[in-house]
Every structure is written in structure tokens, then in C-alpha cells.
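Following: one structure in C-alpha cells, then a few remarks.
Keep in mind that what you see is a predicted model, and the values were worked out from it rather than measured.
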Amino acid sequence: MNFKFSIVCIIGLSIALIGCGGVPEASSENCSGRGMESSLTEFKNDEAAREAFIAKCDELKKAK
């Protein structure tokens, strides 16, 4: 039973970690300072998505 549980946990953790490498979402961490710099590098080939991200960041700043 313990071996089967370990295998299931390893598979679940692997799936969770693979899903972490997506496009950054607009949040307070991603819209300020170094977070903004690293987030914008993810959009280097998609100008429309980059502009949409910046617009969402501006909306977050206005909401505060």
C-alpha cells in the first residue's frame, strides 16, 4: 500500500510542477519591480499579450 501511495504522489507532484511554467498572470507581485521585468520577458514574442498584461497591471494599480 505504501509503495502505491508513493507512486501516486510522485505522479501528482510531477503534473503539478509541469503546470507551473505558464504565462504569468497580472498580480501585485508580477506588476512591480523585478516581477514586472521577469514577466515581460515571457511575452517577448507576443506583443498583443504583452500589451494586455500591461493593461491588466494598470487596472490593478488603479483599483488600489
Side-chain angles (χ1 to χ4, degrees):
M1 181 73 174
N2 193 14
F3 180 72
K4 290 180 184 179
F5 179 74
S6 298
I7 296 296
V8 170
C9 288
I10 290 172
I11 292 172
L13 184 60
S14 298
I15 291 171
L17 291 176
I18 290 171
C20 290
V23 177
E25 294 183 17
S27 66
S28 59
E29 295 86 20
N30 289 339
C31 291
S32 62
R34 299 285 287 164
M36 179 71 121
E37 289 179 24
S38 63
S39 296
L40 289 178
T41 58
E42 296 293 322
F43 297 110
K44 62 184 174 185
N45 294 328
D46 190 0
E47 187 64 28
R50 183 177 186 267
E51 292 297 323
F53 178 79
I54 293 171
K56 288 180 186 176
C57 286
D58 290 339
E59 289 176 17
L60 283 175
K61 290 177 184 176
K62 290 179 184 177
K64 287 184 177 181

If you look only at distance, which donor and acceptor atoms sit under 3.5 Å apart when one is on a side chain in residues 30-37 and the other is two or more places apart or in another chain?
unit_1 : atom_1 : unit_2 : atom_2 : d
Asn30  : ND2    : Glu25  : O      : 2.8
Ser32  : OG     : Ser28  : O      : 3.1
Arg34  : NH1    : Glu37  : OE1    : 3.0

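For Ala55, there are no side-chain contact (heavy atoms from CB on, under 4.5 Å) partners two or more places apart in sequence or in a different chain. Residues forming a side chain to side chain donor-acceptor pair (under 3.5 Å) with Glu47 (at least two apart in sequence, or on another chain): none.
To the nearest 0.5 Å, the span separating CG on Asn45 from CZ on Arg50 amounts to 11.5 Å.
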